[in-house]
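Input: a single structure, listed below in structure tokens.
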Amino acid sequence: MSLKIYNTLTREKEEFKPITPGHVGMYVCGPTVYSDVHLGNCRTFISFDIIYRYFKYLGYKVRYVRNITDAGHLEGDRDEGDDKFSKIARLQQLEPMEIVQKYTLGFRDVMRQFNCLPPSIEPTATGHISEQIRMAQQIIDNGYGYVVNGTVYFDVEKYNKEKPYGILTNRKMEELLEGTRDLGGQDEKKGRLDFALWIKAKPEHLMQWPSPWGMGFPGWHIECSAMSEKYLGKQFDIHGGGMDLAATHHTNEIAQSQACYHTSPANIWMHTNMLTVNGTRMSKSLGNGFLPGELFTGNHPLLEKAYAPNVVRFFMLQTHYRSTLDFSNEALQASEKGLKRLWDAYENLAKLPANDTAAADAELDANVNKLLNEFDEFMNDDFNTAKVLGNMFELVPVINSIKDGLIRADALSSQTLERLRQKFKAYLEDIFGLQSGSAGNEKLGEVMDMLIGMRKEARAKKDFATSDRIRDQLAAIGIQLKDEKGGAMSWNLE
RNA sequence: GGUCCUUUGGCCGAGUGGCUAGGCAAAGCUCUGCAAAAGCUUCUACAGCGGUUCGAGUCCGCUAGGGACCUCCA
């Protein structure tokens, strides 16, 4: 049973064969930190967090590099003018690095709330200026770059004569040229598709560095090529990012690495699909993005209530990463309830008594094992988290029925029960990165034990007024009491 | 305009040509002092038309709707 991953480059699922056995090198394009990350950005990082976690579950040593873009991202499509950081800094009368610091910290905070593991390395563009200059110089030396008035351009048409430039998105040069706007002769580039490796800075420009071509700053694409090479080598296993990056950013990365090192940087290119709102892509430029904070507080005109990070993560897990996912209150509420049901069953599972018998219900035992076996099979088929969750939900009635005595306690063998526990823990917590939503502190647990004891006493005396009051008042402050078979009671936080 | 993707039951969504994914909602029942929770049952859909096939949601063609990329964006 091998892991298969869909490769954008070949447009098919391929068996994953690491370059170094037992190790995975993965580079994911991170955020540009001149504004808050919105939920669409988060989807990509959550998807790759699960991929990262699954590789670790499989026993791989993973070097996961995700950059922070903190320089060089231009406002328009022409390789001139201010970069985004300088522009915002000027508007807010701050140092560009104050902007960078603010949104970097904000990004990390959001990632922590979503329970995304930090990458192994989180390099910044400003921290790797010399590497980028060196790479641009090498590209010039190799004949694929040219300098015009202090700016270095990549010669796409020359490159395309030797290597297919549009290979990643399956486009031919002629098609690309047709789709490109005519810039009206004011352009200093030789070819319309040429892009900047290094950009000349005007004297008043806030972020600039010395280079062989004068003061300037790096183009957007070169940072990922330079940093991925530095930390993962000229060729590594996986390069990922949002689908919107494939056509331009990743296409240029491949061209840069080929022109510089004569190798295609990554064996597998993975692209996550977009998060949409009412069928339209959530994006910074359209301004239809949700900020994670707005979601967690419910403070947004389109939101009917607040949703916990856990719920949002679960919501995303129910869809395959290469499908678009449409954002709506209804879908999130369905996820909230579904997650609660699943998590309750998971907590019930932990409480089931162990037995050391053979399976009394061999058919059920076999079926449970089949469903558990499929967890890995589904994940190995291009990380199909949705199918794993489908199986988990099929196991929920089994768990709950054993707990309630509707299925006899020894129906499953002790080994099967133990497997069930291990798989649920591995998947829910370690791979999917979901967390307990009702984690009260110890004191709360003791107080609840006391109240439950009082309610039991009241019920024994048929003092239903008291027992209902305890239940209703707890419900009012968001604690749900559940009467169980045999008079036991459990509770959780809403 | 070019390239590509997509269209699944009330909603969200998974689907390797042959057997009901799953979640949410809804309805009925069981359990319960009542309620909630839980369990059981019901709800069999694949945009339209045509084709290939013994058999298609799954392959092919056409038509219609939606979307993405081609320009900064995960």
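A note on names: the letters A, B, ... follow the listed sequences, proteins ahead of strands, and every chain is numbered from 1.
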What does Met282(A) touch in the nucleic acid at a heavy-atom separation under 4.0 angstrom: a base, only the sugar-phosphate, or nothing? base
Residue list, salt bridge (charged side-chain N to carboxylate O under 4.0 Å, His left out) with Lys482(A), at least two apart or on another chain: Asp344(A)
How is Asp404(A) classified with respect to the nucleic acid when contacts are heavy atoms under 4.0 Å: base, sugar-phosphate, or nothing? sugar-phosphate
Please list, by residue number, the residues of residues 461-470 of chain A whose heavy atoms come closer than 4.0 Å to an atom of RNA chain B; answer none if no residue qualifies. Phe464(A), Ser467(A), Asp468(A)
Answer yes or no: is there an ion pair linking Arg459(A) with Asp468(A), defined by an N-O contact shorter than 4.0 Å? no
Between Thr248(A) and C70(B), is there a side-chain N or O to OP1/OP2 distance below 4.0 Å? yes
Could you name each residue pair satisfying salt bridge (charged side-chain N to carboxylate O under 4.0 Å, His left out) that touches residues 44-53 of chain A, not counting sequence neighbours? Asp49(A)-Arg53(A), Asp49(A)-Arg313(A)
Please classify the nucleic acid contact of Met243(A) as base, sugar-phosphate, or nothing, using heavy-atom distances under 4.0 Å. nothing
Need one value for Asp344(A): base, sugar-phosphate or nothing, where a base atom within 4.0 Å counts as base even if backbone is also close, heavy atoms only. nothing
Are Glu347(A) and Lys351(A) close enough for a salt bridge, meaning some N to O gap below 4.0 Å? no
So which protein N/O to nucleotides 17-25 of chain B N/O distances come out below 3.5 Å?
| residue | atom | partner | partner atom | Å |
| --- | --- | --- | --- | --- |
| A21(B) | O2' | Glu394(A) | OE2 | 3.4 |
| A25(B) | OP1 | Lys337(A) | NZ | 3.0 |

Please report the distance, rounded to the nearest Å, between CG in Leu317(A) and C1' in A14(B). 13 Å
Hey, does the side chain of Asn384(A) come within less than 4.0 Å of G15(B)'s phosphate (OP1/OP2), counting only N and O? yes
Salt bridge (charged side-chain N to carboxylate O under 4.0 Å, His left out) pairs, two or more places apart, involving residues 4-13 of chain A: Lys13(A)-Asp381(A)
Heavy-atom donor-acceptor pair, Asn400(A) side-chain to A37(B) base, under 3.5 Å: no
Determine the interplanar angle of the Phe424(A) and Phe375(A) rings, folded into 0 to 90°, and report it as parallel if under 30°, tilted if 30 to 60°, perpendicular if over 60°. tilted
Please work out whether the ring planes of Phe107(A) and Phe45(A) are parallel, tilted or perpendicular, with thresholds of 30° and 60°. perpendicular
If you draw the axis of the six-membered ring of Tyr34(A), does the NZ or CZ of Lys284(A) fall within 45° of it and under 6.0 Å from the ring centre? yes
Whole-Å gap separating C1' (A68(B)) and CG (Leu245(A)): 13 Å
Please state how far atom CG in Leu406(A) lies from atom P in U32(B), giving the value in whole angstrom units. 12 Å
Could you tell me whether Leu275(A) contacts a base, only the sugar-phosphate backbone, or nothing, with contacts defined as non-hydrogen atoms closer than 4.0 Å? base
Flag the pair Arg408(A) and Asp361(A) as a salt bridge only when some basic side-chain nitrogen lies within less than 4.0 angstrom of an acidic carboxylate oxygen. no
Tell me the interatomic distance from Ile50(A), atom CD1, to A74(B), atom P, rounded to whole angstroms. 19 Å
If only side-chain N and O atoms count, and only distance matters, is there a donor-acceptor pair under 3.5 Å linking Asn273(A) with Thr324(A)? no
Nucleotides 27-31 of chain B: which of its N/O atoms have a protein N/O under 3.5 Å away?
none

Contiguous Watson-Crick or G-U pair runs (3 or more, under 3.5 Å) in RNA chain B: B:1-7 with B:64-70, B:10-12 with B:22-24, B:26-30 with B:38-42, B:47-51 with B:59-63
Assign Ser323(A) to base, sugar-phosphate, or nothing according to its heavy-atom contacts below 4.0 angstrom with the strands shown. sugar-phosphate
Parallel, tilted or perpendicular: which describes the rings of His221(A) and His249(A), with under 30° parallel and over 60° perpendicular? tilted
Distance in angstrom units between Asp244(A) CG and A68(B) P, rounded: 11 Å
The salt bridge (charged side-chain N to carboxylate O under 4.0 Å, His left out) partners of Arg171(A) (sequence neighbours excluded) come to none
Would you indicate whether the side-chain heavy atoms of Asn252(A) and Phe154(A) approach each other to under 4.5 Å? no
May I ask you to list the residues of residues 38-45 of chain A, by number, that have any heavy atom positioned under 4.0 Å from an atom of RNA chain B? His38(A), Gly40(A), Asn41(A), Thr44(A)
Less than 4.0 angstrom from a charged side-chain N to a carboxylate O is my criterion; do Arg108(A) and Glu122(A) meet it? yes
So what does Gly166(A) hit on the nucleic acid, given a heavy-atom distance under 4.0 Å: a base, only sugar-phosphate, or nothing? nothing
Check this for me: does the side-chain of Arg471(A) come within 3.5 Å of the base of A36(B) through a donor and an acceptor? no
In whole Å, I'd like the distance from the CG atom of Asp326(A) to the C1' atom of G65(B). 15 Å
Identify whether any heavy atom of Thr319(A) sits under 4.0 Å from a base atom; if not, whether one sits that close to sugar-phosphate; answer base, sugar-phosphate or nothing. sugar-phosphate
Residue list, side-chain contact (heavy atoms from CB on, under 4.5 Å) with Asp404(A), at least two apart or on another chain: Leu406(A), Lys485(A)
Separation of C5(B) P from Arg171(A) CZ (nearest whole Å): 11 Å
Salt bridge (charged side-chain N to carboxylate O under 4.0 Å, His left out) contacts in which one or both residues fall within residues 322-334 of chain A, not counting sequence neighbours: Arg322(A)-Asp382(A)
Nearest-angstrom distance from the residue atom CD of Gln473(A) to P of A35(B): 21 Å
Once salt bridge (charged side-chain N to carboxylate O under 4.0 Å, His left out) is applied, what residue pairs with a partner in residues 386-403 of chain A remain, sequence neighbours excluded? Lys403(A)-Glu484(A)
Take the angle between the ring planes of Tyr27(A) and His239(A) and call it parallel below 30°, perpendicular above 60°, tilted in between. tilted
